[in-house]
Amino acid sequence: LASRNACADAACLAAALDARQKALAAVAAGATRALWDKREALRARLGWPEDCEASFKNLYAPAPDGLGMDLVDSGVESWSLGQGRELFLVQCDQAAYQGVYVAMETGPDGGPATLLRFPTAEVAGGRVVRRQEASLVGEVAFKDADKTLTVFTKARGVGDCGSYAVYAFDAAGKPVPRELRARDCPKKDGPYLPPERWPLIPAR
C-alpha cells in the first residue's frame with residue numbers, strides 16, 4: 001500500500017497494481033499446488049479408484065487437463081473411528097447441489113486402506129430398491145460423538161424426496177446402517193417434510 005500510494009501518476013499506479021496482482025497470483029498458485037500435492041500423497045497411501053480421481057481432476061485441474069474450477073481444499077476429509085481406525089471421505093465429483101464421494105477405512109495404526117461399500121435404499125414408483133454402493137451421493141456429515149456418518153441424498157423430483165441414511169461402524173471398520181429412510185418423489189409439491197421424518201426402511 002505504501003508503494004502504491006507513493007505513485008504520482010497513472011503509469012506508476014498501473015505498474016504497482018500489476019506487480020501486486022502477479023504477486024497474489026503466485027501465492028494462489030503455490031497454495032493450489034500444495035493442495036494437489038496433499039491429495040496425491042493421500043492417494044498414494046490410500047489408493048482410491050482411478051475413475052474417482054479422473055472425475056475430480058476433470059473438475060478442478062487447470063485447463064486443458066480440467067475445467068479449472070477453484071480448488072479450495074484437497075477434497076479429502078478424515079475422522080477417527082476409534083481403536084486406531086480412520087475413516088477417509090474422498091470427493092470424486094460435484095453435482096449442482098451435492099457431491100459424489102468414496103469412503104476408505106484404514107485398519108489399526110494406519111493399516112492398509114479398504115474401499116467401503118454402503119447398504120443403501122431408495123423408493124422408486126412405490127417399490128423399495130436396496131443396493132450396496134461404493135459411491136456416496138449427497139450431503140455427508142460425520143458425528144464424532146457417536147462415530148456415525150449421515151448421508152442425505154436429494155432426488156430430482158417435485159417436493160421433498162430421496163434417501164437419508166445414518167451409518168455406524170463395526171469393530172472391523174465396516175459401515176452398518178443404523179437408520180435408512182427414503183421417500184418417493186410426490187407428483188405434487190406439498191408441505192416440507194424433513195428427511196429425519198421420511199418413511200423408515202425396515203432392516204433385513
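Below, each value reflects all heavy atoms present in this structure, side chains not excepted, and no hydrogens, waters or symmetry copies. Just so it is clear, the model here is predicted, and its values are computed rather than measured.
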- Do Pro119 and Gln132 have side chains that get closer than 4.5 Å, going by heavy atoms? yes

- Note on the structure: Tested for side-chain hydrogen bond (donor to acceptor under 3.5 Å, both in side chains) against Glu122, the lone hit among Arg130, Arg131, Arg127 is Arg131

- Can you name the nearest heavy-atom pair linking Asp170 to Ala172, along with the distance? OD1-N, 2.9 Å

- With side chains defined as the heavy atoms from C-beta onward, is the minimum distance between Phe142 and Lys147 less than 4.5 Å? yes

- Would you give the length of the straight line joining atom CZ of Phe118 to atom NZ of Lys174, rounded to the nearest 0.5 angstrom? 11.0 Å

- Message: Taking the side chain as everything from C-beta on, heavy atoms only, tell me whether Pro49 gets closer than 4.5 Å to Leu115.
- Response: yes

- Query: Shared ILVMFWY cluster between Val151 and Leu193, side chains joined below 4.5 angstrom?
  - Reply: no

- Task: Can you see which heavy atom on Val76 is nearest to which on Phe88, and at what distance?
- Result: CG1-CD2, 4.0 Å

- Query: Under 4.0 Å between a Lys/Arg side-chain N and an Asp/Glu carboxylate O for Glu40 and Arg45?
  - Reply: no

- Message: Between Val128 and Ile201, is there a side-chain heavy-atom distance shorter than 4.5 Å?
- Response: yes

- Task: Please report the closest heavy-atom contact between Val123 and Asp184, naming both atoms and the distance.
- Result: O-OD1, 3.4 Å

- Message: I'd like to know if Val129 and Val137 are part of one continuous hydrophobic network [Ile/Leu/Val/Met/Phe/Trp/Tyr, side-chain heavy atoms within less than 4.5 Å].
- Response: no

- Query: Going through the checks in order, is the side-chain hydrogen bond (donor to acceptor under 3.5 Å, both in side chains) test met by Glu86 and Trp79?
  - Reply: CA-CA 6 Å; Glu86 196 168 6; Trp79 303 278; over 6 Å; no

- Query: Just wondering, do Leu17 and Arg4 contact through their side chains at under 4.5 Å, heavy atoms?
  - Reply: yes

- Message: To the nearest 0.5 Å, what is the distance between NZ on Lys154 and SG on Cys161?
- Response: 4.5 Å

- Message: Looking at Asp70, I want to see if its CG is surrounded by more than 12 non-hydrogen atoms of other residues, nucleotides or ligands under 6.0 Å.
- Response: no

- Message: Can you give me the closest heavy-atom contact between Cys185 and Ala155, atom names plus distance?
- Response: SG-CB, 3.8 Å

- Query: Stepwise, does the side chain to side chain contact (heavy atoms under 4.5 Å, CB included) test hold for Val90 with Arg39?
  - Reply: CA-CA 9 Å; Val90 182; Arg39 185 175 174 96; 3.8 Å; yes

- Would you check, one step at a time, whether the test side chain to side chain contact (heavy atoms under 4.5 Å, CB included) holds for Tyr60 with Leu35? CA-CA 11 Å; Tyr60 295 105; Leu35 292 174; over 6 Å; no

- Step-by-step side chain to side chain contact (heavy atoms under 4.5 Å, CB included) determination, Gln91 to Cys52: CA-CA 8 Å; Gln91 183 185 359; Cys52 170; over 6 Å; no

- Query: Considering all heavy atoms of both residues, which atom of Pro191 and which atom of Asp160 are nearest to each other, and what is their separation?
  - Reply: O-OD2, 4.0 Å

- Task: State which residue, out of Leu87, Thr148, Val176, fulfils the side chain to side chain contact (heavy atoms under 4.5 Å, CB included) condition with Phe169.
- Result: Leu87

- Decide, yes or no, whether a salt bridge links Arg85 with Glu105 under the criterion of side-chain N to carboxylate O below 4.0 Å. yes

- Heavy-atom pair with the smallest gap, counting every atom of Gly138 and Tyr101: O-CE1, 3.6 Å

- In Å, rounded to the nearest 0.5 Å, how long is the span from CG of Leu89 to CG of Leu149? 6.5 Å

- Working for side chain to side chain contact (heavy atoms under 4.5 Å, CB included), residues Asp93 and Leu59: CA-CA 7 Å; Asp93 210 337; Leu59 288 176; 3.1 Å; yes

- Query: Quick one: OH on Tyr164 to CZ on Arg183, what's the gap to the nearest 0.5 Å?
  - Reply: 15.5 Å

- Task: Taking the side chain as every heavy atom from C-beta outward, state whether Cys92 and Val102 have any atom pair closer than 4.5 Å.
- Result: yes

- If you measure from CD on Glu133 to CG on Leu116, what distance do you get to the nearest 0.5 Å? 13.5 Å

- Message: To the closest 0.5 Å, what do you measure between NZ (Lys57) and CG (Asp65)?
- Response: 8.5 Å

- Message: Here's one to test your reading of the geometry: is the NZ or CZ of Arg178 within 45 degrees of the ring axis of Tyr167 and under 6.0 Å from its centre?
- Response: no

- Item | Ring centre gap for Trp48 and Phe56 strictly below 6.0 Å | no

- Task: Would you check if the side chain of Asn58 reaches a backbone N or O of Gly66 as a donor-acceptor pair within less than 3.5 Å?
- Result: no

- Query: Hey, does Lys38 have a side-chain heavy atom less than 4.5 Å from the side chain of Arg43?
  - Reply: no

